[in-house]
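In this text the structure is predicted, and so the values were computed from the model without any measurement. Along the sequence shown, residues carry numbers from 1.
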Amino acid sequence: MKQLVILGGGFAGLWAAMSAAAERVDANADAGKIDITLISKDAHLVIRPRLYEGAGEDKRIPLKPLLDKIGVRFIQATIESIDPQHKQVFLSNHTSAQISYDAVILATGSHLKKLNVTGVKQYGFSADTYEETERLDQQLTRIVAAQEEVAKTLVVIGAGFTGLEIATELHSRLKKKSDKTCRIILVDKEEIAGAELGVNPKPYIDEALRLHNIELRLGISVKELTGNSVTLTDGEVIATQTVVFANGMEANKLTSSFGEPDAGAQGRLAVAQDLSIPGYDNAFGAGDVVWAYTEPLVPSDNSALSISSNKNLAYDADRPRTLFSCQHAIQLGRFAGYNAIKKLRGQPGKDYEQAFYATCLDLGDWGALFTTGWDRVADKTGVEGKEMKKMINTQWIYPPSPELLPEEIHAFVAFDEEESAA
């Protein structure tokens, strides 16, 4: 029996498992001869895009019930290393020290970028993981009850997408908890808040920051952190007990098992358009550990490009590529799972593509900003944008219920006729 092993239980890993299970059944012939296993250190799919709101059981979806329903084995363990030459995965915290595979999908995700700053580990907060979010929630509860003046100031490091959501949501959450006036300061090394989002969202972001009375410290980084203060690189010392880090993401270190990660792409691996990892047999990548162009390269001479071609691997700044986002992770997982099963059967797969791109930025009491296209043109703002954000966050990014029939779950990830023809 052939073994497909999926490493990681985030959006990319879970959607890869669902897609692989669906294709295993749809292919019908020899359906029982491919065993699918998903390995994750966490028993849940954590809805990380919602952690800026705070922890809560609706932000964690148990993996095993859904995987059991579609016939995917689940192993909860820490992945220590991968040997792609011998097709083995080495685990800890599990009875099996190693797992062999015929095909593998690397989908181990990303984490908050580690800063070499004194005091970050001891005194910093984040909403990067569920456990860190719980810790931040506990700190907010303490702040509301605290009497000392220093507790009323909160500092957020990073004014990108996540930092903006955290800062504006902190203002809204604290206002609901107490009538105390809290001071929120947003720090970023860039000269513009939300610089990564481009020029079109800027007026809306600026308006929301003014509404929430959020102070800005731009063109500056953090130098040192203590239990009662943060020192910035310009020498300013801010008295605070709550410094929340949202300073960007980097790929899981297991990418290095498959060669040198792309330092210019936050440690991600470049993959071919079918999401295969070049140089390794039956190895695919999905989610935050890889980058791929969102649209296949159209050959200028009308000749067919091989799906496993490496021609698309050279970085082209004019072609949009995947970002750290669940909208890309979900689709990358879906294609990777399908292609892995096809490859094990010696059949052609599909080129990954995802032409539509949108963002929905929650800006607290101001509402939300929903944009479309890579230039991020505003489509819905304020209350209307907030409704869209609610729809995305509470419905669209959630997996199907394990109470559904297997065929209904398979339909959830199935490729439609247009995609099948691509």
Side-chain angles (χ1 to χ4, degrees), residues 1-25 31-48 60-84 87-110 129-130 251-252 254-255 257-258 275 277 282-290 326 329-344 397-402 404 406 409-410 412-413:
M1 180 179 291
K2 292 182 178 179
Q3 303 287 333
L4 167 61
V5 175
I6 300 167
L7 307 178
F11 288 102
L14 181 56
W15 261 258
M18 289 190 289
S19 182
E23 179 55 28
R24 178 177 60 179
V25 170
K33 293 188 178 180
I34 297 178
D35 196 24
I36 305 171
T37 300
L38 185 146
I39 305 172
S40 175
K41 67 178 181 180
D42 199 321
H44 300 83
L45 166 70
V46 177
I47 310 298
R48 289 176 74 192
R60 296 198 301 179
I61 310 301
L63 289 168
K64 196 171 187 305
L66 178 56
L67 295 174
D68 283 348
K69 181 58 72 77
I70 58 175
V72 173
R73 178 189 179 201
F74 174 60
I75 295 177
Q76 185 176 357
T78 299
I79 303 164
E80 293 293 343
S81 63
I82 308 164
D83 179 357
K87 296 187 175 181
Q88 292 184 326
V89 180
F90 297 91
L91 309 177
S92 63
N93 305 322
H94 193 263
T95 53
S96 298
Q98 65 186 59
I99 301 290
S100 297
Y101 63 81
D102 297 290
V104 68
I105 298 174
L106 180 69
T108 46
S110 61
T129 67
Y130 190 86
N252 181 277
L254 287 169
T255 53
S257 302
F258 294 90
L275 309 185
I277 301 175
N282 289 3
F284 296 83
D288 289 354
V289 289
V290 301
C326 69
I330 286 171
Q331 280 292 83
L332 286 165
R334 186 165 162 252
F335 275 83
Y338 176 92
N339 285 345
I341 294 294
K342 286 291 192 181
K343 186 68 181 290
L344 285 175
I397 64 175
Y398 275 69
S401 168
L404 295 175
I409 298 172
H410 298 328
F412 187 85
V413 294

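What you find for I105 and A16 is that their closest heavy atoms are CD1-CB, 4.0 Å. Closest approach of S100 to V5, counting heavy atoms only: O-CG2, 4.1 Å. Closest approach of D288 and S110 over heavy atoms only: OD2-OG, 2.7 Å. Closest approach of G13 to L38, counting heavy atoms only: O-CD1, 3.5 Å. Heavy-atom minimum distance, D83 versus Y101: O-OH, 4.1 Å. Residues A12 and A107 come closest through the heavy atom pair CB-CB, 4.0 Å.
Side-chain atoms of L66 and F74, non-hydrogen and from C-beta on, never get closer than 4.5 Å to each other. In this structure, the side chains of K343 and F284 come closer than 4.5 Å at one or more pairs of heavy atoms. The closest side-chain heavy-atom distance from I47 to R60 is not below 4.5 Å. Side-chain contact check for F258 versus V104: some heavy-atom pair is nearer than 4.5 Å. Side-chain contact between K69 and L67 is absent, with no heavy atoms from C-beta onward closer than 4.5 Å. Side chains of I70 and H410 form a contact here, defined as non-hydrogen atoms less than 4.5 Å apart. At least one side-chain heavy atom of I341 sits under 4.5 Å from a side-chain heavy atom of I34. No side-chain heavy atom of T37 sits less than 4.5 Å from a side-chain heavy atom of V72.
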Walk me through whether L254 and L7 qualify under side chain to side chain contact (heavy atoms under 4.5 Å, CB included). CA-CA 10 Å; L254 287 169; L7 307 178; 5.8 Å; no

Take W15 and F412 through the test side chain to side chain contact (heavy atoms under 4.5 Å, CB included) and record every step on the way to the result. CA-CA 10 Å; W15 261 258; F412 187 85; 3.8 Å; yes

Before you tell me yes or no, could you show the steps for Q76 and H94 under side chain to side chain contact (heavy atoms under 4.5 Å, CB included), namely the whole-Å CA-CA distance, both residues' side-chain angles and the distance that decides it to 0.1 Å? CA-CA 7 Å; Q76 185 176 357; H94 193 263; 6.0 Å; no

So I39 and I99, side chain to side chain contact (heavy atoms under 4.5 Å, CB included) or not? Walk me through it. CA-CA 10 Å; I39 305 172; I99 301 290; 4.3 Å; yes

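S19 places a side-chain N or O within 3.5 Å of a backbone atom of R334 that can act as its donor or acceptor partner. No side-chain donor-acceptor contact under 3.5 Å links N252 to the backbone of G109. When atom types are taken as modelled, the side chain of H44 and the backbone of V46 share no donor-acceptor pair closer than 3.5 angstrom. A donor-acceptor contact shorter than 3.5 Å links the side chain of S40 to the backbone of D42. Counting only distance, with no hydrogens or angles, the side chain of K41 and the backbone of I79 share no donor-acceptor pair below 3.5 Å. With N93 contributing its side chain and A77 its backbone, the two residues share no donor-acceptor pair below 3.5 Å.
Here the straight-line distance linking atom CE of M18 with atom CD1 of I330 works out to 8.0 Å at 0.5 Å rounding.
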